[in-house]
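Since the model is a prediction, treat every value here as computed from it, not as a measurement. Quick note on labels: first sequence line is chain A, next is B, and so on, each numbered from 1.
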Number of protein chains: 2
Amino acid sequence: MNTLKQDVEKKYQFAVIATDVVIFTAQNGKLKVLLIEMRKPPYTGYWACPGGLVKPNESVDRAAQKHLFDKTGVKDVYLEQLYTFGEIDRDPFGRVVSVAYYALIPSGGIKLKTSHEYTDVDWFQVKQLPPMAYDHTEIIKVAVKRLKDKITYSNIVYSLLPKSFTLSELQGIYELILDKRLDKRNFRKKILTLNLITKTGRKRTGEANRPAQLYKFVRRTPQEVEVL
Amino acid sequence: MNTLKQDVEKKYQFAVIATDVVIFTAQNGKLKVLLIEMRKPPYTGYWACPGGLVKPNESVDRAAQKHLFDKTGVKDVYLEQLYTFGEIDRDPFGRVVSVAYYALIPSGGIKLKTSHEYTDVDWFQVKQLPPMAYDHTEIIKVAVKRLKDKITYSNIVYSLLPKSFTLSELQGIYELILDKRLDKRNFRKKILTLNLITKTGRKRTGEANRPAQLYKFVRRTPQEVEVL
DNA sequence: TCAAAAGTGTTCGTGCTACACCCATGC
DNA sequence: GCATGGGTGTAGCACGAACACTTTTGA
């Protein structure tokens, strides 16, 4: 009896599976993504989301985690499968189907690593992307839409924030992702009724204004809750 | 310079891409999925969602459409990518990553085709699945969850209904997918304010009760709307 | 004392929920 | 005439939206 592999080798050429990870962070009041600059033609000088081929002995999820970790050094952050891009001509090198993910990481404490495989790594505002390789502009667009939807019915913004934060910082995250202003009093009222966060008891001092209460998330694990 | 294909052949074994389609319909007040009975070991007698390998010259979307059409003869129905299942050991034949889709088709007028590749095709209640091959129980579970979510913020139920239908039939679809009873007056009030459907002017006669107004969807194309 | 952000309540309108009876038809 | 589903309105309540001033600190 033939194995599937033998069947396939006879009948078909193969298609390769890759993952690409859209890595989001919130920095200086902007929503940003991590991109790497490509070395090889035809995309020399173009930028792309971190990613690469999935090896035969690793799951697709695992491959995405690995690419995230390799570029940022972070793990245990929110990472969700986004969509699979399977057009025939999306990669000029061959038939590559990409399973896209997106991740949310807190800003700060991240040391970007470069390597011989690419020329540079940097953060870019979602609204000001450089020339992009492959269909990665599309992938980021889909990721932004998913992120907007998701933060309105889950607690996943915890993954963009440090352990403790002020209510204004939290509101700022919502505002920059949703790309609109929110009413301060209504926001605070709503978010506090959900019991997703609690006071740490400490305050943020040292700024030229009234010190703000610091809050923390009760659970730093994903859960579905109607937020806004 | 090496092509990606050559690189991969040297460095890796390949992984194969397949699609599986969860085909939903509403029949006799039940939510059902179309399954095929498998012929080959080790899954002889087990059932699976229609699907198969993606060929090198077809997009993943196209492959899903094709599997849907081959089993049901329908096209132009709602078909959405669901999730990609990429665990290493999900397929005993080899490394197969499956891009799962789900489709919504109206009941009635569908002739199920069998073939030499499998022994039988049939509809099963989502709540009473037979022994399933691969991870297809999981795939269906994910599909049901997505479907529940999606009908509350889109008009896609149009794809489960015939051209014209009564408000009670429409309500019935929501009830069986959401798996709960809805209030008749509130449902009608809400659905009519959305302007997704209009009266056809005709009525359903010939039944032992007052004839019901027939309605139709204004647009039979997917759109996001807050329904319930 | 001034600038800058923190913190705090009330009013209004909209929309969801709960609920019961008459109507038109086929048998 | 009876059984069966079709069709209709209202009242209470909860929640979201709009809106402005006082407080606390650092410079």
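Residue-environment remark: NZ (A:K30) stays at or below the threshold of 12 foreign heavy atoms within 6.0 Å. The neighbour count for B:K190 NZ, taken as heavy atoms of other residues, nucleotides or ligands under 6.0 Å away, is above 12. Atom NZ of A:K66 is surrounded by more than 12 heavy atoms from other residues, nucleotides or ligands within 6.0 Å.
The nucleotide whose nearest atom lies closest to any side-chain atom of B:N186 is, among C:dG7, C:dA18, D:dG26, C:dA18. Among the nucleotides D:dT25, D:dC19, D:dT8, the one closest to the side chain of A:P211 is D:dT25. Taking every side-chain heavy atom of A:A208 into account, D:dG26 is the closest of C:dG7, D:dG26, D:dG7.
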Apply the test salt bridge (charged side-chain N to carboxylate O under 4.0 Å, His left out) to residues B:E138 and B:K145: give CA-CA distance (whole Å), side-chain angles for both, the deciding distance (0.1 Å), then the verdict. CA-CA 11 Å; B:E138 170 70 6; B:K145 181 180 189 313; over 6 Å; no

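Atom pair B:K184:NZ and C:dC21:P shows a separation of 14 Å (rounding to whole Å applied). In this structure, B:Q171 atom CD and D:dG7 atom P are separated by 12 Å, rounded to whole Å. Taking atom CZ on A:R204 and atom C1' on C:dA4, their separation rounds to 15 Å, with Å as the unit. Residue B:L182 contributes atom CG, which lies 9 Å from atom P of C:dT17 at whole-angstrom precision. Between B:R181 atom CZ and C:dT17 atom P there is a gap of 15 Å when expressed in whole angstrom units. The distance between atom CG of B:L167 and atom C1' of D:dG6, rounded to the nearest whole Å, is 9 Å. Atom CZ of A:R188 is separated from atom C1' of C:dA5 by 10 Å (rounded to the nearest Å). Remark: P of D:dG16 and CG of A:L228 are 9 Å apart, rounded to the nearest angstrom.
Between A:F217 and A:F165, the two ring planes are tilted [angle within 30° to 60°]. Note on ring orientation: taking the six-membered ring where Trp is involved, the planes of B:Y43 and B:Y46 are perpendicular (angle over 60°, cut-offs 30° and 60°).
No N or O donor and acceptor, one from the side chain of B:N209 and one from the base of C:dC23, sit under 3.5 Å apart.
Side-chain nitrogen and oxygen atoms of A:R185 include none within less than 4.0 Å of the OP1 or OP2 phosphate oxygen of C:dG9. The phosphate of C:dA4 has neither OP1 nor OP2 within less than 4.0 Å of any side-chain N or O from A:R210.
If you check every strand for non-hydrogen atoms under 4.0 Å, A:S168 touches sugar and phosphate atoms only.
Scanning residues 189-203 of chain A for heavy-atom distances under 4.0 Å to DNA chain C yields A:K189.
Toward the 5′ end of DNA chain D lies the nearest nucleotide of A:D183, the other residue of the pair A:G206 and A:D183 mapping further downstream.
Side-chain contact between A:E80 and A:L104 is absent, with no heavy atoms from C-beta onward closer than 4.5 Å.
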